[in-house]
Amino acid sequence: MSVRPEEVRAVLDDRLAAYEEELELTSTGIVLQVGDGIAQVYGLSEAMSQELIDFGHGTMGIALNLEEDTVGCVLLGPDEVISEGDEAHTTGLIAQTKVGASLFGRVVNPLAVPLDTEEKGALETSETRPLEVIAPGVVKRQPVHEPLRTGIKAIDAAIPIGRGQRELIIGDRQTGKTQIAIDAIVNQRGRDVKCVYVAVGQKMATVRRLVATLEQEGAMEYTCVVTATASDPAPMQYIAPYAGCAIGEWVRDGGGHALVVYDDLSKHAQAYRQMSLLLRRPPGREAYPGDIFNLHSRLLERAAKLSDEEGAGSLTALPIVETQEGDFSAYIPTNVVSITDGQIYLEPRLFLEGQRPAINIGMSVSRVGSDAQSKMMKQVGSRLKLDLASYREYEAFAQFGADLDEDTRKILAQGQRMVEVLKQAPLAPMNEVDQVIVLFAGTRGHLSDVPVADVTEVEPLLVKYVRDKAPQLVESLQQTQALSDEDQERLAELIEEFKREWRLQHSGE
């Protein structure tokens with residue numbers, strides 16, 4: 001078979017016509033040293049801070065130390081596959097993660113690689129966002145004024161959280177910090193708030209239990225769980241909160257509302273300390289690097305309530321910090337307290353006394369205050385803190401067994417009942433109107449003749465009674481979000497009627 005020259009020419013003409021000039025510039029370096037999840041690379045003079053570096057073998061790294069001759073990279077995969085003398089290439093991409101609606105209902109790692117593919121398949125999103133962005137400026141924000149209801153009486157009444165706020169949950173281990181965050185997520189069902197739960201340095205078994213709880217409560221469909229477990233490399237734990245924040249920002253910038261829980265920033269700081277020491281950065285207080293404050297402030301500053309011109313979306317942050325033996329003045333706790341807009345302090349003593357949630361109202365604060373409360377919640381919650389503060393003060397004297405005057409006995413009796421009113425079972429968030437009914441009865445002294453041991457039993461029965469007997473009052477409260485004088489009189493009558501019926505039933509028993 002002979003080949004004709006004109007045919008060869010025709011084929012070459014077609015190929016040349018279709019040719020597109022492509023120029024790809026990459027900066028290449030040589031690995032000088034690798035180990036403990038850190039690689040020192042010679043060259044890479046074009047590398048940017050936080051840029052993804054390709055080491056081949058499917059392993060990526062993030063450039064953190066940009067020195068004169070070398071670049072210090074933290075590896076996002078195993079370091080066993082990398083050897084001295086290997087090549088490393090810049091990618092031109094700043095560290096990023098996938099975002100999008102398909103992430104909600106899923107469990108992913110900080111790079112948005114799904115960990116539940118066996119049950120739910122691959123992720124259907126190609127949209128990405130950088131892990132680190134500059135927080136919105138003052139002009140782009142508006143004051144926090146919309147409540148983000150947690151369904152927990154003690155928080156919604158005394159330490160309100162608003163959409164766009166940063167409220168710290170702080171306390172010793174095993175005092176119920178994560179439970180408050182889970183309850184807040186569960187209470188967003190039907191409220192058009194997307195939730196992101198970031199688990200840093202936890203056991204995989206703990207994360208599985210949490211996901212099972214969210215599934216059971218019907219909260220997983222609007223929640224994304226970002227996890228970097230204790231067995232994951234420190235760099236993965238370091239980028240996890242930023243990945244969760246980027247997913248929440250995607251919701252906020254689209255005009256929606258997002259709640260991000262960082263559980264917890266103590267382990268996040270420890271992972272960063274490990275990386276920094278291996279990168280030979282100078283240690284400071286408690287061996288943390290000098291920029292540890294900046295690490296958390298640039299993360300938490302990204303929580304915001306955007307102005308109407310920017311879409312009026314919001315990103316609310318609930319960071320969690322663990323204290324050791326109640327040491328509030330340790331380095332990381334004081335840092336995060338100074339960055340956030342308030343804190344919810346959980347006290348081990350209260351937890352052991354059976355007060356759940358074990359919130360110390362006196363040491364907890366919301367710097368947004370009543371701006372993030374409805375009018376009716378302000379009306380019933382304003383006296384709550386005063387009652388509890390007086391009770392805690394007089395409680396110390398009562399322990400000495402001294403003779404108490406009538407006024408002191410009244411304060412103690414009222415405080416004991418308010419402590420009982422604020423007790424709440426986990427995964428039992430309360431509707432705001434139900435909270436108002438119970439708190440109205442407690443703060444106005446209607447429970448003073450109910451035995452302390454019976455207060456928790458009376459509470460749900462009272463709510464049911466008011467709802468059954470006066471549905472129009474409940475509907476009015478839901479619509480107006482305020483207690484008029486007539487509403488208060490009617491509610492007081494209903495509570496007294498309920499108590500008479502309740503006593504008759506008890507005396508019959």
Exercise for the section: Output all residues satisfying ring pair (Phe, Tyr, Trp, His ring centres under 6.0 Å) with His257, sequence neighbours left out; order by chain, then residue number. Expected result: none
Problem - Pairing residues for Asp291 by the side-chain contact (heavy atoms from CB on, under 4.5 Å) criterion, not counting sequence neighbours - result: Tyr272, Arg281, Pro289, Asn294
Exercise for the section: Determine which pairs satisfy ring-ring contact (aromatic ring centres under 6.0 Å, His included) with at least one residue from residues 421-440, sequence neighbours left out, and list them in order. Expected result: Phe440-His446
Completion exercise
Residue pairs meeting salt bridge (charged side-chain N to carboxylate O under 4.0 Å, His left out), one or both in residues 465-480, sequence neighbours left out, come to Asp434-Arg467, Lys464-Asp468
Practice task
Could I get the full list of side-chain contact (heavy atoms from CB on, under 4.5 Å) partners for Ala234, not counting sequence neighbours?
Solution key: Ala271, Gln274, Met275
Practice task
Please collect all ring-ring contact (aromatic ring centres under 6.0 Å, His included) contacts where either partner lies in residues 193-225, sequence neighbours excluded, each pair once.
Solution key: none
Practice task
Would you list the pairs meeting salt bridge (charged side-chain N to carboxylate O under 4.0 Å, His left out) in which at least one residue belongs to residues 90-109, sequence neighbours left out?
Solution key: Arg106-Asp116
Handout entry: Sequence neighbours excluded, every pair satisfying ring-ring contact (aromatic ring centres under 6.0 Å, His included) that has a member inside residues 332-362
Key = Phe328-Tyr345
Practice task
Sequence neighbours left out, what pairs pass side chain to side chain donor-acceptor pair (under 3.5 Å) with at least one residue falling in residues 223-248?
Solution key: Gln50-Tyr238, Thr229-Ser231, Thr229-Asp232, Tyr238-Arg298
Practice task
Could I get the full list of salt bridge (Lys or Arg N to Asp or Glu O under 4.0 Å) partners for Arg252, not counting sequence neighbours?
Solution key: Glu249
Exercise for the section: Scan residues 331-345 for pairs that pass salt bridge (charged side-chain N to carboxylate O under 4.0 Å, His left out), counting only residues two or more places apart or in two chains. Expected result: Arg166-Asp341
Return a table of donor-acceptor pairs under 3.5 angstrom between the side chains of residues 207-219 and protein atoms on other chains or two or more places apart.
from: Thr213; atom 1: OG1; to: Arg209; atom 2: O; distance (Å): 3.0
from: Glu215; atom 1: OE2; to: Lys120; atom 2: NZ; distance (Å): 3.3

